[in-house]
Amino acid sequence: MAATYDPERIETKWQEVWEREETFFAPNPTAEEPASGEGPGSTYVLEMFPYPSGSAHMGHVKNYTMGDVVARYRRHKGQRVLHPMGYDAFGLNSENVAIQTGEHPAAFTERAISTINRQLRRLGVAIDWSRELATCRPDYYKWTQWLFIQFYNKGLAYKKEAPVNWCPSCQTVLANEQVIQGVCERCDSAVEAKKLRQWFFRITDYAERLLADFDKLESWPERVITMQRNWIGRSEGAEVVFTVGEHEITVFTTRPDTLFGATFFILAPEHPLVDELVQGSVYEAEVRSYVVAAMGMSAIDRASTEKEKTGVFTGRHAVNPVNGALIPIYIADYVLMDYGTGAIMAVPGHDERDYAFARKYGLPVVEVIESPAEFKDDAGELTAAYAGDGLLVNSGRFDGLPKTEGIRAVTEWLREQGKADFAVNYKLRDWLLSRQRYWGCPIPIVYCETCGETAVPEEQLPLLLPEIRDYAPKGKSPLAAAEHWINTTCPTCGGAATRDPDTMDTFVDSSWYYLRYASPWRDDVAFDRAAVDYWLPVDQYIGGVEHAILHLMYSRFFTKVLYDLGLVGFEEPFRNLFTQGMIYYKGAKMSKSKGNVVNPDEHVARYGADSLRSYIMFMGPGESDVEWNDKGIEGTFRFLTRVWRQVTEAIDAGLFASTAPRRLPDETALTPRMRGLVVKTNQVIEKVTMDIAERFHFNTALAAIMELNNEITAFRGSAEDEEFGRTQDEAAVLAVATETLVRLLEPFAPHLGAELWEMMGRERVWDEPWPVADPRFLAHETVELAVQVNGRVRDRVTVPAAASREDVLAAAKQVPGVAKHLDGMSLVKEIVVPGKLVNLVVR
RNA sequence: GCGGGUGUGGCGGAAUGGCAGACGCGCAUGAUUUAGGAUCAUGUGUCUUUGACGUGGAGGUUCGAGUCCUCUCACCCGCACCA
């Protein structure tokens, strides 16, 4: 009598084996091996590495199980699989803990890392643990600094003073990407504008390639591409020069065709010319107070589209280059300094915002694109801005041209006069990477009074974080107060110098970790080129959609820069991307504050890792959000228990007495009942393979495996005398089906798979080749077709699978439920869908 | 406002334009008589049940629509004064 299913026992047993044997160690290629990772030889499966904030949650379980199923499957397919793990370990969480408790962030972080590490091992994830890394360790951030210096030397990292997003609660600046509708993405505080000198990466130089190279991706979710495309926000148009006294002010517009309708001109409150334009005029006081008010406004208030448009006249006028008209210049806060040039020409007739402003301040509205009647009142006056297509009117020599031709013609005409040119503008801003916080990668730059700004020499890296006592941010980096550290000597002249007090955005750390995995043990290079050439780009990347813009766009940018530096041979880091959905509980995203967190450890303890993994895979398609259900995991546990019983009983009955794989009897020896199980076995192989390899639909793969298990049970039940079939042939069919069941289930429930396989007298299920469906057995010999009359199912008919159309029709017409409906009618049309149905159309 | 997505039993969810509801949960009845979280069998969309109706709603294309097209409603996600 076999033991009952005891997940705890078998799971720890196999985890120890995998650890001891280093089963999932992925060796780098040796010098003799081909350097290229192309083809089926090698594959790189990667899940987004966790941020060690405490312990792993259900989202992690889903993420790492999905990757594990893919990694184990690919190993079965004979590929050498790189499946590493690490920790995104710098960041605010540990630092906030430090502020509260005084514990060093490193100590807290390492503790959180070991917790997550233990949890992942307990889940049985097939990881090459020899490549484990953490971004907060000096052996890693040394190379983050080195990469920063490479960017710096190429002019791609630069410092500038600019209005930046300041989070008053985090006490640090934020990248544009980290501001969500005017609030900090971490803490929801309203972001303030602040003028600071900060480090930036010149990601805008790569805007065009970030857009163009979507073509180089094999399979990414369309919505991620769309989000990035919108974020980059490319618009084509023209830059047009307006003259204001002795000044020339350039505007960007996507609608140069409407230039004749520009009836006023607006500058952003922050525009550098504002002061000078109003200096000494009667308008000065009013303008200045408007500017102060606008700049003091919170980002959310200012950005609100609900808010009524406000502005103030400067008393000055600009010359419209198309007709020499003098148009009044206003200051208005709906014009943003950080898009375009911070100045616009306002065309109220064809821009909603300008229309609202014009109506409020009584400015003229001119129709320059022929607008539909519903945009006008009885007098022909525009009652709303018309932004659609149409022919130019009131535009002098350009009248009658359609919109797109107008754009080209007007721009070309002005270009000849040196007053305009075609231009492309992006919403994307340079990536602000300075953070006024302690727990991050120090910026390897020193400032010398005589030599200026200098990079720390490479041989002095890593530039280590100093020990400090007070982690609390006070509007500037805690490092600024670490005097022994901040004061240094200039590497060039040896004179007094200071270090940069800021640390890097943690997205810098995570923008290259997938490269470090190729050779994390190398202390002389950031990564080993041969190993990178062998493994990368990542064949399958899996993670949450919340990184659609930030991490994924920054990593693409990094890869392109490294490509330009000749450090890597590819321009896109992640060939295929899969974005997983979230796990909800009680209708909401799990979170500590809502008190609806389901702890994975409890379920592992109760049902085992295999049940938890399988249930999470079974809950729904990987990409969709799903609701956790405590009863659901019980059902999955019961299923695994049924499989356990099914297989151990078969073993006890001597089905696997020989250690050689069981072979099917000759096809001619198969009874219909036996053939039925053989066909089911092969169909399920086909289905599971497709679902794992092509569709990422693990829920339906498991459903198919459950069906196979049910079919095996039924087969046994139908062998009346002896439980395991009365003939050798039946036993063989049953053995093959049972063996297949274990192998197909193994990527989901690897411990159960390993244990049952061993009990069957075999070894190392993880190295077994993946089952291949036999095309002879993918279809039954007879098929049951639905027979419809006028589209309604009236009866069914069973015919040989190979029956001709004529035979099928003849049979279909004779079945009673159909004949009844054909009586007295004339047949108009006959449709036969092989293997599916027959539809007879009658009148 | 713009862009994207999703709507199917009591629940999670299945369905290359071809028998809607696979698989699982839950529930019901029965069997075992139950010390282990059970197990096994059968059933389980709705209704006025010889049949009809059913995939948010209304139209359309088609022999045939959950699936394609048009309009519409609800919810979710992203962006949001981007000139």
Side-chain angles (χ1 to χ4, degrees), chain A residues 4 180-182 221-231 233-235 237 251-255 258 262 266 268 302-307 309 332-336 338-347 350-354 356-357 387 425-429 545-546 548-549 581-582 606-607 615 618-621 623-639 641-642 645 687 697 699-707 709-710 713 717 784-796 820 828-842:
Chain A
T4 52
I180 313 294
Q181 287 170 29
E222 203 49 50
R223 67 174 177 143
V224 173
I225 293 176
T226 304
M227 280 166 73
Q228 289 200 8
R229 188 169 275 137
N230 292 343
W231 187 261
R234 180 181 199 276
S235 344
V251 302
F252 173 75
T253 176
T254 54
R255 296 295 304 277
T258 63
I266 306 181
R302 167 129 181 221
S304 168
T305 46
E306 316 296 294
K307 178 172 76 87
K309 305 253 174 297
D333 64 8
Y334 78 90
V335 174
L336 309 173
D338 67 359
Y339 182 78
T341 60
I344 65 161
M345 63 174 206
V347 183
H350 306 284
D351 180 284
E352 237 176 86
R353 298 152 300 175
D354 298 344
F357 192 87
N425 209 2
Y426 301 92
K427 276 163 66 177
L428 183 69
R429 303 267 64 88
V545 75
E546 64 273 19
I549 295 175
M582 280 189 300
R606 194 160 174 190
Y607 303 104
Y615 173 54
F618 185 63
M619 284 171 85
E623 68 271 24
S624 47
D625 294 341
V626 286
E627 173 90 12
W628 176 268
N629 177 353
D630 284 317
K631 291 286 183 191
I633 185 169
E634 252 176 66
T636 310
F637 172 73
R638 283 206 294 268
F639 163 65
T641 307
R642 280 198 295 273
R645 202 182 313 125
K687 170 83 178 149
H697 278 199
N699 57 330
T700 50
L702 277 163
I705 295 168
M706 288 173 182
E707 285 184 50
N709 188 49
N710 293 346
T713 308
E784 192 187 52
L785 304 182
V787 185
Q788 300 178 329
V789 177
N790 287 349
R792 285 171 189 272
V793 178
R794 295 301 180 181
D795 209 338
R796 282 146 221 289
K820 192 165 67 178
V828 180
K829 194 165 182 177
E830 298 164 331
I831 292 130
V832 177
V833 183
K836 298 278 186 186
L837 59 64
V838 174
N839 188 12
L840 303 169
V841 185
V842 297

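Keep in mind that this is a model prediction, so the values were computed, not measured. Numbered from 1 within each chain, the chains take letters A, B, ... in sequence-line order.
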Quick tally for nucleotides 46-53 of chain B: nucleotides whose base has a protein heavy atom under 4.0 Å get B, sugar-phosphate-only ones S, the rest -, giving -----SSS
List the protein contact pattern of nucleotides 29-36 of chain B with one symbol per nucleotide (5' to 3'): B for base contact, S for sugar-phosphate-only contact, - for none; contact means a heavy-atom distance under 4.0 Å. -------B
From C-beta outward on A:Ser235, which listed nucleotide comes closest to its side chain: B:A83, B:G18, B:C23? B:A83
Where the side chain of A:Tyr339 is concerned, which of B:G37, B:C40, B:A83 is the nearest nucleotide? B:A83
Which residues satisfy the side-chain hydrogen bond (donor to acceptor under 3.5 Å, both in side chains) test with A:Thr341, sequence neighbours excluded? none
Would you mind building the protein contact string for nucleotides 2-13 of chain B? One character per nucleotide, 5' to 3', B for base within reach (heavy atoms under 4.0 Å), S for sugar-phosphate only, - for untouched. -SS-------BS
Separation of atom CD in A:Glu222 from atom C1' in B:C77, rounded to whole Å: 16 Å
What residues form a side-chain hydrogen bond (donor to acceptor under 3.5 Å, both in side chains) with A:Asn709, not counting sequence neighbours? A:Gln646
Taking the minimum atom-to-atom distance to the side chain of A:Arg638, which one of B:C25, B:A22, B:C40 wins? B:C25
If you check every side-chain atom of A:His697, which of B:A83, B:A15, B:C25 has the closest atom? B:A15
Residue set satisfying side-chain contact (heavy atoms from CB on, under 4.5 Å) with A:Asn230, at least two apart, ordered chain then number -> A:Thr226
A:Arg234: which residues meet the side-chain contact (heavy atoms from CB on, under 4.5 Å) condition with it, sequence neighbours left out? A:Glu208, A:Leu211, A:Glu236, A:Val424, A:Tyr426
By nearest atom, which of the nucleotides B:C79, B:A15, B:G37 is closest to the A:Tyr607 side chain? B:G37
Could I get the full list of side-chain contact (heavy atoms from CB on, under 4.5 Å) partners for A:Asn710, not counting sequence neighbours? none
State which of B:C23, B:G37, B:C79 makes the closest approach to the side chain of A:Arg606. B:G37
A:Arg645 side-chain proximity, nearest of B:G18, B:C40, B:G24: B:C40
Return the set of residues passing side-chain contact (heavy atoms from CB on, under 4.5 Å) with A:Pro621 (not counting sequence neighbours), or none when no residue passes. A:Glu623, A:Ser624, A:His697, A:Asn699
Measuring only the P atom in each nucleotide, how far is B:U34 from B:C27? A whole number of Å is fine. 23 Å
For A:Ser235, all residues meeting side-chain hydrogen bond (donor to acceptor under 3.5 Å, both in side chains), sequence neighbours excluded: A:Tyr339
Here RNA chain B, pairs taken as Watson-Crick or G-U under 3.5 Å and shown with ( ), [ ] when crossing and | when to another strand, reads (((((((..(((.....[....)))((((((.......))))))(((...)))..(((((..]....))))))))))))....
Contacts of A:Arg645 that satisfy side-chain hydrogen bond (donor to acceptor under 3.5 Å, both in side chains) - sequence neighbours left out: none
Measure distances between side-chain N and O atoms of A:Lys427 and base N and O atoms of B:C79, and say whether any donor-acceptor pair falls under 3.5 Å. no
Is the side chain of A:Tyr615 donor-acceptor paired with the backbone N or O of A:Trp628 at a distance under 3.5 Å, no angle test? no
Nearest listed nucleotide, side chain of A:Met706, among B:C23, B:A80, B:C81: B:C23
Measuring from the side chain of A:Leu837 (C-beta onward, heavy atoms only), which nucleotide among B:A83, B:G18, B:C63 has the closest atom? B:G18
